[in-house]
Amino acid sequence: MDTDWFLLLFIAPLLFNDGRRFPKRELWKLRGPIFANAIGLVFVTTIVGGYLMYLMIPKMPLTVSFAVAAILSPTDPVAVQSISKRANLPENILHLVSGESLINDASGLIAFKYAVAATVTGVFSLSGAVGDFFYISLVGLLSGFILQTVVELLRDILRRQGINDVIFNTVLQLITPFIVYVITEEVAHASGVIAVVTAGVLSHAHENRLVEDLPELRLVTEKTWDIIIYLLNGVVFLILGIELPLATTNIIKSTQFSTTQAILYALGAWLILLLIRVAWIYLYEGSVYLRQRKRKPSLRVALMAGLSGVRGAITMAGVLSLPLLTATGSAFPQRSLALFVAAGVIIISLVAAVISLPLVAPDNPIPLRTRASLSDEDEEADDAALEPATTVRKMTEAEARIYIMRLAINAIEENRRQENQRAAYDLILDYQFLIRRMELKVKDDTEMQRVLTDEMQLRTIGLDGEQSAVERLFEHNQISMQSYRSALRRIERARQRLTQVSGRTVISTLKKLEQVASAIRTTSHFAVKPGQPA
């Protein structure tokens with residue numbers, strides 16, 4: 001598969017989903033180490049790691065070694081998320097590695113591009129590489145922001161026109177990364193990778209406002225994304241499994257290297273990358289400590305962050321794009337070995353992380369509360385962020401806010417009097433609305449399914465009650481024909497919307513709604529006396 005198609009069909013939706021799910025607050029608080037790793041560490045890995053690989057494999061040209069090191073420098077956020085569930089990583093390490101994974105693809109691909117160009121043409125321009133990096137990064141960032149803003153404006157306009165179908169909104173979100181990537185790459189000639197990450201983060205911010213109107217939208221989109229991401233990751237590593245035997249066959253048949261040598265080269269390349277990464281993070285921690293005197297550098301933290309930097313889809317997509325021939329028509333030097341080493345590092349990094357991280361990570365890491373030990377110098381250090389948990393688990397921020405708002409409701413209830421009860425009830429309703437929004441973020445899918453089902457049932461009961469009251473008022477000549485028809489039309493529109501939402505999100509809920517509505521319609525009407533509230 002052509003690399004451009006691979007990036008479009010696989011990398012674009014994967015990174016858009018990562019940006020959509022990445023917590024913005026943690027991304028901002030960890031901006032210092034994230035950008036240091038995503039840019040500085042990538043270029044250090046390319047230069048130092050490439051030179052060490054050249055010393056380890058003298059038959060591989062220096063420019064090819066630089067290319068291999070460059071394409072091995074980006075880390076894979078999806079693999080990190082999967083491993084973290086098994087390894088019980090502290091949230092600060094997870095957010096750091098996930099954050100840099102969203103950004104380091106551009107810097108890694110730029111370094112890889114110029115290393116390959118130097119191998120093919122024999123010409124390298126440092127000024128051109130630096131200028132190209134800043135152009136594609138900044139323009140990609142701007143393009144992703146503008147295009148996602150346009151998509152959100154379009155969705156808002158359609159919602160105001162009454163087009164708020166859940167399926168439509170889900171499909172629109174699914175095609176967004178492809179639109180953003182294609183326009184950014186083909187029109188702006190910038191980084192589609194950075195553009196889709198930016199669009200994903202912006203989409204996440206807008207979803208927080210949408211959930212209050214369409215809570216079922218989150219249920220549908222999250223489940224749909226889960227299925228798509230699972231399939232895409234499966235196909236990506238299936239392709240890796242298909243390509244690895246091809247590279248292995250070429251190496252086995254080669255007279256330059258034995259199979260054992262090639263495996264040792266892959267293991268040596270992984271060790272080089274790991275040592276560079278651990279040393280970089282440890283030195284960064286040391287520089288922060290010298291400036292702030294907050295926390296001494298920890299080798300354990302550096303080792304966890306180093307082992308968490310597994311390689312994945314971007315590395316494979318890049319190394320498969322190595323050309324077969326150079327500008328002179330000769331074969332690209334050591335292409336099969338480069339492919340074998342890159343694929344070997346991907347597998348070794350995954351296996352090493354799965355095996356070693358549970359041994360290195362603390363047994364009960366405390367969730368991130370303020371900032372991680374690796375955060376920027378402008379934030380205060382969280383001294384307990386990486387200490388093994390010996391006390392009761394601390395609340396997440398969302399759980400703490402829900403707890404505080406419930407205490408506020410209790411305080412209002414205690415101070416409610418006859419003269420202030422209307423204001424008290426209004427304030428309690430405001431708090432309950434905020435609690436509901438927060439709970440939708442922290443509840444799992446099973447709880448969310450139950451909440452949505454109960455809400456739809458109660459809304460149907462309420463609409464039936466409204467309709468019964470309106471009919472009683474009309475039968476007793478307490479409202480006019482115009483008011484009666486207007487009220488029925490409003491109730492019918494609300495009922496249609498509820499039926500549409502429930503029918504397209506939860507099939508079982510619709511049956512329950514029909515049973516409740518049928519039961520209510522069979523009940524008798526209660527007369528309303530003149531002057532009595534309906």
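Because the structure is predicted, anything quoted here is derived from the model rather than measured.
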Kindly compute the distance separating [atom1] ([X]) from [atom2] ([Y]), expressed to the nearest 0.5 Å.
X	Y	atom1	atom2	value
Thr224	Ile167	OG1	CD1	7.0 Å
Leu174	Trp225	CG	CH2	5.5 Å
Glu466	Asp464	CD	CG	9.5 Å
Thr149	Asp156	OG1	CG	10.5 Å
Ile409	Ile428	CD1	CD1	6.5 Å
Ile39	Ile34	CD1	CD1	11.5 Å

Exercise: identify the closest heavy-atom pair between [X] and [Y]:
X	Y	answer
Gly144	Thr198	C-CG2, 4.1 Å
Leu307	Ser356	CD1-OG, 3.3 Å
Leu232	Pro13	CD1-CG, 3.5 Å
Met304	Leu357	O-CD2, 3.8 Å
Thr184	Ala195	OG1-CB, 3.4 Å

Would you say [X] and [Y] make side-chain contact, with heavy atoms under 4.5 Å?
X	Y	value
Leu8	Glu185	no
Thr75	Glu100	yes
Ile491	Arg495	yes
Val354	Leu350	no

Across all chains, not counting sequence neighbours, the side-chain hydrogen bond (donor to acceptor under 3.5 Å, both in side chains) partners of Ser73 are none
With sequence neighbours excluded, what pairs up with Arg485 under the side-chain hydrogen bond (donor to acceptor under 3.5 Å, both in side chains) test? none
One pair to check against side-chain contact (heavy atoms from CB on, under 4.5 Å): Leu147 and Ile179. What are the steps and the verdict? CA-CA 9 Å; Leu147 292 174; Ile179 296 174; 5.8 Å; no
Take Tyr284 and Leu41 through the side-chain contact (heavy atoms from CB on, under 4.5 Å) test and state the conclusion after the steps. CA-CA 10 Å; Tyr284 183 88; Leu41 179 57; over 6 Å; no
Before you tell me yes or no, could you show the steps for Val278 and Leu299 under side-chain contact (heavy atoms from CB on, under 4.5 Å), namely the whole-Å CA-CA distance, both residues' side-chain angles and the distance that decides it to 0.1 Å? CA-CA 8 Å; Val278 171; Leu299 185 59; 4.2 Å; yes
Among pairs that include at least one residue of residues 452-474, which meet ring pair (Phe, Tyr, Trp, His ring centres under 6.0 Å), considering only residues two or more places apart or in two chains? Phe474-Tyr484
Is any NZ, NE, NH1 or NH2 atom of the basic residue among Glu152 and Arg155 found under 4.0 Å from an Asp or Glu carboxylate oxygen of the other?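 Salt bridge: yes.
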For a side-chain contact (heavy atoms from CB on, under 4.5 Å) check, start with the C-alpha distance between Phe168 and Leu158, then their side-chain angles and the critical distance, and finish with the verdict. CA-CA 10 Å; Phe168 169 78; Leu158 294 176; 3.4 Å; yes
